[in-house]
Amino acid sequence: LAMAAYHTSMGDSTQSIRVNVPVALPRQHGQRNALAVSRMQLELGSSGDSALDLKLIHSQLAGLRTEPALQWANVAADLSRLLPTETSMPLLSNLVGGADITVSSIKGPNRGFIGSSAVVSVTAFAPVFGAAVSLNLMSQDDLVSVGICSDTGAVKHPKRLTRFCERGFAEMAALSA
C-alpha cells in the first residue's frame with residue numbers, strides 16, 4: 001500500500017515492484033534454517049480499497065509457499081558455503097540485488113536482561129543489501145518495531161515514504177480491529 005502511494009506521489013505509474021521476501025519452509029530433520037528468500041513481482045494495489053488490495057497481495061504471497069524450487073534453497077545455501085568468496089559473493093549479490101524492496105519479519109527474543117538491566121525495547125534495522133528499500137519488522141513480547149532503510153539514489157524522498165508506510169500500517173491495524 002505504501003509503495004503504491006509513494007510511486008503515485010512521485011508521478012510514477014509503476015504497476016508492480018520486485019520484492020525479496022522470506023518464505024517459511026517445512027523444517028526437515030536436523031535443518032537449521034526454515035526460511036528461504038524468494039523474489040517475486042508484486043502487483044501494487046491501486047483499487048482504493050485497502051482490504052481488497054491486501055487480499056490480492058496475500059494471494060500473491062501465498063503462491064510462494066508452493067513454489068517447488070524453494071525446497072532446494074537450503075541445499076543451495078549450504079553449497080554456496082563451499083565456494084570461494086570471490087565466486088559466492090557475486091552469485092548471492094545477483095540473487096538479492098536489483099529488487100525494489102526487501103521485507104523481513106523477525107521474532108525477537110523474549111524480554112531479557114543484559115547484566116542487571118532489563119531489555120525494554122528492540123529496534124528493527126537491516127541494510128538495503130541491493131534493494132532500493134529494506135522494510136523490517138521485529139517483535140518482542142508485546143512490542144513491535146519497524147525499520148525502514150532506503151538507498152538515497154533510489155528513494156528521493158525517504159520521509160515521504162516513511163509517512164506512507166505509517167499510513168499503511170495504520171490502515172492495516174484498522175482493518176484488523
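Along the sequence shown, residues are numbered consecutively beginning with 1.
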Task: Main-chain N/O of Phe125 paired to Asn136 side chain as donor or acceptor, under 3.5 Å - done: no
Task: Nearest-0.5 Å distance, CZ of residue Phe164 to OG1 of residue Thr8 - done: 8.0 Å
- [ ] Kindly compute the distance separating CE (Met3) from CG (Leu135), expressed to the nearest 0.5 Å.
- [x] 9.0 Å
Open item on the list: Check whether Ser145 reaches the backbone of Ala124 with its side chain - one donor and one acceptor, N or O, closer than 3.5 Å.
Closed with: yes
Task: Among Val133, Asp12, Leu161, the one residue meeting side-chain contact (heavy atoms from CB on, under 4.5 Å) with Tyr6 - done: Leu161
- [ ] Return the minimal non-hydrogen interatomic distance between Ala99 and Arg39, and the atom names on each side.
- [x] N-NH2, 4.2 Å
Open item on the list: For Pro158 versus Ser150, what's the shortest heavy-atom pair and its separation?
Closed with: CB-OG, 3.7 Å
Task: Nearest-0.5 Å distance, CZ of residue Arg167 to CZ of residue Arg163 - done: 6.5 Å
Task: Closest non-hydrogen atom pair between Val103 and Pro22, with its separation - done: O-CD, 2.9 Å
Open item on the list: Is it true that, when you exclude Leu175 itself, more than 12 heavy atoms of the residues, nucleotides or ligands shown sit nearer than 6.0 Å to its CG?
Closed with: yes
Task: Minimal non-hydrogen separation, Cys149 against Ala126, with atom names - done: SG-O, 3.3 Å
TODO: Please round to the nearest 0.5 Å and tell me the distance separating atom CD of Gln15 and atom CG of Leu42.
DONE: 12.0 Å
- [ ] State, to 0.1 Å, how close Arg18 and Asp100 come at their nearest heavy-atom pair, and which atoms those are.
- [x] N-OD2, 2.7 Å
